[in-house]
Protein chains: 2
Amino acid sequence: MELTNKQITVIFKALCDENRVQIFRLLQNGEKCACKLLEAMQCTQPTLSHHMKILCDSGLVVGRKEGKWMYYSISPEGTEKAVNVLRELTKVSDSGECCCK
Amino acid sequence: MELTNKQITVIFKALCDENRVQIFRLLQNGEKCACKLLEAMQCTQPTLSHHMKILCDSGLVVGRKEGKWMYYSISPEGTEKAVNVLRELTKVSDSGECCCK
DNA sequence: AAAACATATTGACAAGCTTCAATATGTGTG
DNA sequence: CACACATATTGAAGCTTGTCAATATGTTTT
């Protein structure tokens with residue numbers, strides 16, 4: 001299953017913002033509801049909602065709705081996939097020399 | 001050695017742009033000089049230079065100067081570190097439940 | 001059904017990023 | 001030393017992203 005360059009950028013955009021990195025740290029000890037995340041973060045509710053959308057789009061985080069609450073957690077499948085993508089993309093085959101040498 | 005949130009974003013910004021993802025693909029089969037990369041990419045020389053700077057800043061790519069040529073390659077140390085950072089940041093400890101539950 | 005609550009969406013503005021033309025720096029060559 | 005060449009830097013334009021106030025949507029409670 002090959003990903004396009006575009007799809008790859010979507011995954012890693014999750015980690016391109018300090019606030020979103022902070023959200024990962026908050027989610028490390030398990031699922032958290034949006035209200036708890038909002039308490040811990042220093043931003044408004046719409047801003048948090050925006051970041052959570054980007055995180056979910058990346059596949060690294062999954063959301064689960066329960067009544068009026070929204071629970072977010074780190075996706076083991078998503079993160080495993082991200083690690084594999086990173087590994088693949090940075091794997092060196094070294095099958096040749098550059099002509100300029 | 002703990003990284004700040006900011007430092008983590010610097011690493012993954014390397015992979016937030018389609019062109020830079022493309023550059024990784026070009027570097028996968030070994031070190032390449034800037035002129036070869038420029039040939040393969042569809043951008044101007046200053047733009048490539050800018051992307052290479054971001055890639056080097058991330059630590060995922062290293063540059064080596066030889067005469068008037070600049071050779072770039074994927075850094076095994078940098079990529080290993082990035083994988084570890086990604087693993088650490090997305091590791092779930094699951095040491096508690098959210099209060100809202 | 002209305003009120004209270006949690007989260008999402010919209011629209012606007014500011015900050016940051018990508019891109020290029022022009023120019024600068026540094027290296028080898030005649 | 002002057003010229004050609006490879007790459008880097010600067011400055012400006014356009015696009016994208018992050019942020020917030022205001023508002024909308026959907027859920028529970030009274």
Side-chain angles (χ1 to χ4, degrees), chain A residues 4-24 26-27 31-58 60-73 97-101, chain B residues 4-24 26-27 31-58 60-73 97-101:
Chain A
T4 63
N5 291 353
K6 179 79 172 181
Q7 290 172 315
I8 291 173
T9 65
V10 172
I11 295 174
F12 293 104
K13 260 174 192 152
L15 298 157
C16 279
D17 179 272
E18 288 187 59
N19 298 296
R20 292 196 289 268
V21 171
Q22 186 59 37
I23 292 168
F24 273 103
L26 294 169
L27 293 178
E31 193 179 58
K32 282 214 167 43
C33 63
C35 57
K36 267 290 163 193
L37 292 172
L38 184 58
E39 256 177 49
M41 299 296 297
Q42 296 199 317
C43 67
T44 63
Q45 182 270 321
T47 298
L48 177 67
S49 187
H50 172 242
H51 285 309
M52 297 320 294
K53 182 160 171 35
I54 290 170
L55 288 173
C56 289
D57 287 349
S58 78
L60 293 176
V61 168
V62 284
R64 178 176 69 82
K65 193 169 188 178
E66 192 177 313
K68 59 182 173 180
W69 290 285
M70 195 69 199
Y71 293 97
Y72 292 103
S73 57
E97 298 289 311
C98 180
C99 69
C100 293
K101 259 183 183 163
Chain B
T4 64
N5 291 351
K6 180 77 174 182
Q7 289 173 315
I8 290 172
T9 65
V10 172
I11 295 174
F12 293 103
K13 261 177 190 147
L15 298 157
C16 280
D17 180 272
E18 288 186 59
N19 297 297
R20 291 196 291 268
V21 171
Q22 186 59 36
I23 291 168
F24 273 102
L26 294 169
L27 293 179
E31 191 180 58
K32 282 214 166 46
C33 63
C35 57
K36 265 290 162 191
L37 292 173
L38 184 58
E39 254 177 50
M41 301 296 299
Q42 294 200 317
C43 67
T44 62
Q45 182 271 320
T47 298
L48 177 68
S49 187
H50 172 243
H51 285 310
M52 297 321 292
K53 182 160 171 31
I54 290 171
L55 288 173
C56 289
D57 286 349
S58 78
L60 293 176
V61 168
V62 283
R64 179 175 69 84
K65 193 167 186 177
E66 194 176 314
K68 58 181 172 179
W69 291 284
M70 194 72 197
Y71 292 97
Y72 293 102
S73 57
E97 297 291 312
C98 181
C99 69
C100 291
K101 256 186 186 161

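Computed from a predicted model, the values in this text were never measured in an experiment. Labels below follow one simple rule: chain letters A, B, ... track the order of the sequence lines, proteins then strands, and each chain is numbered from 1.
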Can you check nucleotides 22-30 of chain C for protein contacts, nitrogen or oxygen pairs under 3.5 Å, and list what you find?
none

Taking only nitrogen or oxygen atoms into account, show me every contact under 3.5 Å that the protein makes with nucleotides 12-14 of chain D, one pair per line with its distance.
none

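No engagement by B:L37 is indicated, since no non-hydrogen atom pair under 4.0 Å with the nucleic acid exists. Residue contacts for A:H51: at a heavy-atom cut-off of 4.0 Å it reaches the sugar-phosphate backbone alone, with no base atom in range. Within 4.0 Å of A:I54, counting heavy atoms only, lie sugar-phosphate atoms of the nucleic acid but no base atom.
With rounding to the nearest 0.5 Å, the separation of CD in A:Q22 from CD1 in B:I8 is 9.5 Å. In this structure, CD on B:E18 lies 10.0 Å from CD on A:Q7, to the nearest 0.5 angstrom. To the nearest 0.5 Å, the span separating CZ on A:R20 from NE2 on A:H50 amounts to 7.0 Å. Note that NZ of B:K65 and OH of B:Y72 are 9.5 Å apart. Values are rounded to the nearest 0.5 Å. For the atom pair CG of B:D17 and NZ of A:K6, the computed distance is 9.5 Å after rounding to the nearest 0.5 Å. In this structure, the separation between SG on A:C35 and NZ on A:K32 is 11.0 Å, given to the nearest 0.5 Å.
Set against D:dA8, D:dT19, C:dT7, the side chain of B:M70 has D:dA8 as its closest nucleotide.
What you find for B:L60 and B:I11 is that their closest heavy atoms are CD1-O, 3.9 Å. Residues A:L55 and A:F24 share a closest heavy-atom pair of CD2-CE1, 3.5 Å. Here the shortest heavy-atom pairing between B:V10 and B:S58 reads O-CB, 3.5 Å.
Look at CD on B:Q42: it is 10 Å from P on C:dC20, rounded to the nearest Å. When rounded to the nearest whole Å, the span between CD1 of B:I23 and C1' of C:dT19 equals 13 Å. Across the protein-nucleic acid pair, A:M41 atom CE and D:dC20 atom C1' stand 15 Å apart, rounded to whole Å. Nucleotide C:dC17 holds its C1' atom 18 Å from the CE atom of B:M52, rounded to whole Å. Between A:L55 atom CG and C:dA8 atom C1' the separation is 15 Å, expressed in whole Å. Protein atom NE2 of A:H50 is 12 Å distant from nucleotide atom P of C:dA8, rounded to whole Å. Atom CG in B:L48 sits about 8 Å away from atom P in D:dA8, given to the nearest Å. Whole-Å rounding puts the A:R64 CZ to C:dA6 C1' distance at 15 Å.
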Full working for side chain to side chain contact (heavy atoms under 4.5 Å, CB included) between A:L37 and A:M52: CA-CA 10 Å; A:L37 292 172; A:M52 297 320 294; 3.9 Å; yes
Report the C-alpha distance between A:R64 and A:E31 in whole Å, list the side-chain angles of each, state the deciding distance to 0.1 Å, and finish with yes or no for side chain to side chain contact (heavy atoms under 4.5 Å, CB included). CA-CA 10 Å; A:R64 178 176 69 82; A:E31 193 179 58; 2.8 Å; yes
Go through the steps to decide whether B:V62 and B:S73 satisfy the test side chain to side chain contact (heavy atoms under 4.5 Å, CB included), and finish with yes or no. CA-CA 6 Å; B:V62 283; B:S73 57; 3.5 Å; yes
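Residues forming a side chain to side chain contact (heavy atoms under 4.5 Å, CB included) with B:L38 (at least two apart in sequence, or on another chain): B:Q45, B:L48. The salt bridge (charged side-chain N to carboxylate O under 4.0 Å, His left out) search around B:K68 returns none, not counting sequence neighbours.
Between B:T47 and the phosphate of C:dC20, there is a side-chain N or O to OP1/OP2 separation shorter than 4.0 Å.
Summary for the helix from C:dA1-D:dT30 to C:dG30-D:dC1: the axes at its two ends, each from 5 pairs, differ by 20° when rounded to the nearest 10 degrees.
Residues of residues 5-20 of chain B having a heavy atom closer than 4.0 Å to DNA chain D: none are found.
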